[in-house]
Amino acid sequence: MSSPSGAGLSVAGLFAGIGGIELGLQRAGHESELLCEIEPGARRVLESRFAGIAACDDVTQLDELPPVGLVAAGFPCQDLSQAGSKQGIGGSKSGVVEHLFRLLEGPEARRPPWVLIENVSYMLRLDAGHAMGYLVERLEALGYAWAYRVVDARAFGIPQRRQRVLLLAGREQDPAPVLLARDADEPEGVDAIGPVAAASAYGFYWTEGRRGLGWARDAIPTLKGGSRVGIPSPPAIWRPGEGSFGLPSLEDAERLQGFPAGWTEPADEVYSRPRRYRWSLAGNAVCVPVAEWVGRRLAGSNPGRVKESRPLQSGERWPLAAYGSRDGRFATEVSKRPTQRRFIPLGEFLLNPPTPLSERAARGFLSRAREGKLRFGDGFLDDLDRYIAGLAEEPLALASAA
């Protein structure tokens, strides 16, 4: 197969959300021709931010794809996420990816040269990786070669520990060099829980404490659109040098996904409680710089060579990166960082001061943390205890002053 030609591609975006993939591809020189999204608030954002582009409300009602160079599909992750229902690829949410393949099964002459799929990395482990097996088998049956890779948003300069699977499939050109030929070193100990630096900021899930923490140094853990186990979009941020605990603003959450601040404002026209639902839109989005990187790799004329690989054995666990076709499947050793752009630590990245974590939320987390067996950064729980005591004293001080 040949390498990418360097030409910009026309794009059809299915399950487009608020346009993370599409905005990233646009920044890389590609052009959207169709956007399909069912959620009313997200659709309103697309109408505003991608004015004049053909749109459809429901992928299940879409009869055929336009003649485009690439179909993008960041299909719903709720059934594949560690924080979701874990029903798998056949679940009521994630199962709508079937309509991607229904559309790809149309006339072969109209089948797009490229397909880009994005979803959570947990899909490689859930049900022994059944979801990935399903996706690549369907692609192979349609004559596509494929490659996938787990990538971390921090590689693209974003202080968010967001690990996602990028799956790229090509009918005429080889997707493996596009995704796998570039690699950067994984920093050592970046997610380790241990010595704490006073100058750093640490992100964690304040709704957890017993089973999970989401610990991230100079970054936040993955923004989420909500889940059945109660993990909301805004994680908490601890500044040990200040002894403060707070939540990032919605505008900073948009920026932590690579959008301009205020990107989801058009959704205010749709919701009665707009900021709550805009958090969900931001948390469910695809990180824009990740899609931009793929777009630039597709537009490049010399993607390079894939590192040394080995045959992927039947029944073997899916690795962090692999490629294949009907002729065989192969695993290759690459990091989660295909590049490393200049990284801005979380404390410097935020435009707005975090909203202080409420006394109730802080007490709840501390109680769960003391009941559980998780490890925490040095001084973390003691600092949280002092923070709660300070909040409890504030009403007394105000009463005395009155």
Practice item. Begin with the C-alpha distance, continue with both residues' side-chain angles, and end with the deciding distance and a verdict on side chain to side chain contact (heavy atoms under 4.5 Å, CB included) for W215 and D191. Key: CA-CA 7 Å; W215 188 260; D191 295 323; over 6 Å; no
Check your understanding: Given side chains that start at C-beta, do those of K336 and V151 come closer than 4.5 Å, heavy atoms only?
Key -> no
Practice item. Assess R255 against F349: is NZ or CZ under 6.0 Å from the centre of the six-membered ring, and within 45 degrees of the ring's axis? Key: yes
**Study point:** Nearest-0.5 Å distance, OH of residue Y144 to CD of residue E172
**Key:** 9.0 Å
Practice item. Calculate, to the nearest 0.5 Å, the distance between atoms NE2 and CG belonging to H30 and L9 respectively. Key: 5.0 Å
Check your understanding: Can you list the steps and then say if E254 with T264 is a side chain to side chain donor-acceptor pair (under 3.5 Å)?
Key -> CA-CA 8 Å; E254 293 167 329; T264 61; 2.4 Å; yes
Point to revise | Donor-acceptor pair, side chain of Y205 and main chain of T222, under 3.5 angstrom | key: yes
Review point. If only atom types and distance count, is the side chain of R44 paired as donor or acceptor with the main-chain N or O of V270 below 3.5 Å?
Key: no
Practice item. Hey, could you give me the CG/CG distance between L35 and D57, rounded to the nearest 0.5 Å? Key: 11.5 Å
**Study point:** Y277 side chain reached by S272 side chain, heavy atoms, under 4.5 Å
**Key:** no
Practice item. Count the heavy atoms of every other residue, nucleotide or ligand shown that sit under 6.0 Å from CZ of R317, and state whether that count exceeds 12. Key: no
**Study point:** Chi angles and distances behind the side chain to side chain contact (heavy atoms under 4.5 Å, CB included) call for I220, I237
**Key:** CA-CA 7 Å; I220 60 165; I237 300 169; 4.1 Å; yes
Exercise for review: Examine distances only and state if a side-chain atom of D383 and a backbone atom of G379 form a donor-acceptor pair shorter than 3.5 Å.
Suggested key: no
Check your understanding: What is the minimum heavy-atom distance between A155 and P338, and which atoms define it?
Key -> CB-CD, 4.3 Å
**Study point:** Main-chain N/O of S335 paired with R149 side-chain donor or acceptor, under 3.5 Å
**Key:** yes
**Study point:** Check: E333 and D183 side chains under 4.5 Å, non-hydrogen atoms
**Key:** no
Practice item. Can you measure from CG (L366) to CD1 (I388) and round to the nearest 0.5 angstrom? Key: 4.5 Å
Check your understanding: Is there side-chain contact between Y387 and L384, with heavy atoms separated by less than 4.5 Å?
Key -> yes
Check your understanding: In this structure, are over 12 heavy atoms from other groups packed under 6.0 Å from E371 atom CD?
Key -> yes
Practice item. Looking only at non-hydrogen atoms, find the nearest pair between L223 and P235 and report the distance. Key: CD2-CD, 3.8 Å
**Study point:** All side-chain hydrogen bond (donor to acceptor under 3.5 Å, both in side chains) counterparts of D382, not counting sequence neighbours
**Key:** none
Point to revise | F204 ring center within less than 6.0 Å of F365 ring center | key: yes
Check your understanding: Taking everything shown except E31 itself, do over 12 heavy atoms lie less than 6.0 Å from its CD?
Key -> no
Point to revise | Electrostatic pair E22-R49, nearest N-O below 4.0 angstrom | key: no
Check your understanding: Checking side chain to side chain donor-acceptor pair (under 3.5 Å) for the pair Y134/R138: CA distance, chi angles, key distance, verdict?
Key -> CA-CA 6 Å; Y134 170 84; R138 295 297 300 270; 2.8 Å; yes
Practice item. Give a yes or no on whether the backbone of V190 and the side-chain of R217 come within a donor-acceptor separation of less than 3.5 Å. Key: no
Review point. For the side chain of W206 and the backbone of A236, is there at least one donor-acceptor N/O pair under 3.5 Å apart?
Key: no
Review point. Hey, is E292 close enough to R296 for a salt bridge, meaning N to O under 4.0 Å?
Key: yes
**Study point:** Heavy-atom check, side chain of L312 versus side chain of W318, under 4.5 Å
**Key:** yes
Exercise for review: Apply the test salt bridge (charged side-chain N to carboxylate O under 4.0 Å, His left out) to residues E316 and R329: give CA-CA distance (whole Å), side-chain angles for both, the deciding distance (0.1 Å), then the verdict.
Suggested key: CA-CA 11 Å; E316 180 182 348; R329 299 176 179 180; over 6 Å; no
Check your understanding: Would one find more than 12 heavy atoms of other residues, nucleotides or ligands at under 6.0 Å from atom CD of E105?
Key -> yes
Check your understanding: Is the closest side-chain heavy-atom distance between V11 and V68 below 4.5 Å?
Key -> no
Exercise for review: Report the distance from atom CG of L135 to atom NE2 of H130, rounding to the nearest 0.5 Å.
Suggested key: 9.0 Å
Practice item. Answer yes or no: is there a donor N or O on one side and an acceptor on the other, between the side chain of Y323 and the main chain of L180, under 3.5 Å? Key: no
Review point. Does the pair D268/R278 count as a salt bridge with the N-to-O cut at 4.0 Å?
Key: yes
Exercise for review: Heavy atoms only: give me the nearest P159-F343 pair and the separation to one decimal.
Suggested key: CA-CE1, 3.6 Å
Review point. Which of parallel (below 30°), tilted (30 to 60°) and perpendicular (above 60°) describes W238 and F380?
Key: perpendicular
Exercise for review: Given side chain to side chain contact (heavy atoms under 4.5 Å, CB included), test D152 with R161 step by step and report yes or no.
Suggested key: CA-CA 6 Å; D152 190 323; R161 193 190 67 212; 3.9 Å; yes
Practice item. Calculate, to the nearest 0.5 Å, the distance between atoms CG and CD1 belonging to L23 and I18 respectively. Key: 9.5 Å
Review point. So, the side chain of E33 versus the backbone of S10: is there a donor-acceptor pair under 3.5 Å, distance only?
Key: no
Practice item. Looking only at non-hydrogen atoms, find the nearest pair between V120 and V165 and report the distance. Key: O-CG2, 3.9 Å
Exercise for review: Tell me, with the steps shown, if I117 and F15 meet side chain to side chain contact (heavy atoms under 4.5 Å, CB included).
Suggested key: CA-CA 10 Å; I117 297 173; F15 323 105; over 6 Å; no
Point to revise | Non-hydrogen side-chain atoms of V97 and N119 separated by less than 4.5 Å | key: no
Check your understanding: Where do E308 and T332 come nearest, in terms of heavy atoms and distance?
Key -> O-OG1, 3.3 Å
Check your understanding: Is the shortest heavy-atom distance from the side chain of L247 to the side chain of P354 under 4.5 Å?
Key -> no
Review point. Is a side-chain donor or acceptor of Q257 paired with a backbone partner of A282 at a separation under 3.5 angstrom?
Key: yes
**Study point:** Donor-acceptor under 3.5 Å (R111 side chain, G106 main chain)
**Key:** yes
Practice item. Using the salt bridge (charged side-chain N to carboxylate O under 4.0 Å, His left out) rule, take R43 and E37 through it: C-alpha gap first, then chi angles, then the decisive distance, then the call. Key: CA-CA 6 Å; R43 197 164 60 243; E37 173 56 44; over 6 Å; no
Review point. So, E186 and R337, do they make that salt bridge, N to O below 4.0 Å?
Key: yes
Study note, to complete from the structure: In terms of heavy-atom contacts, N352 and S249 come closest through ND2-OG, 2.9 Å
Exercise for review: Give a yes or no on whether F376 atom CZ has more than 12 heavy-atom contacts from other residues, nucleotides or ligands under 6.0 Å away.
Suggested key: yes
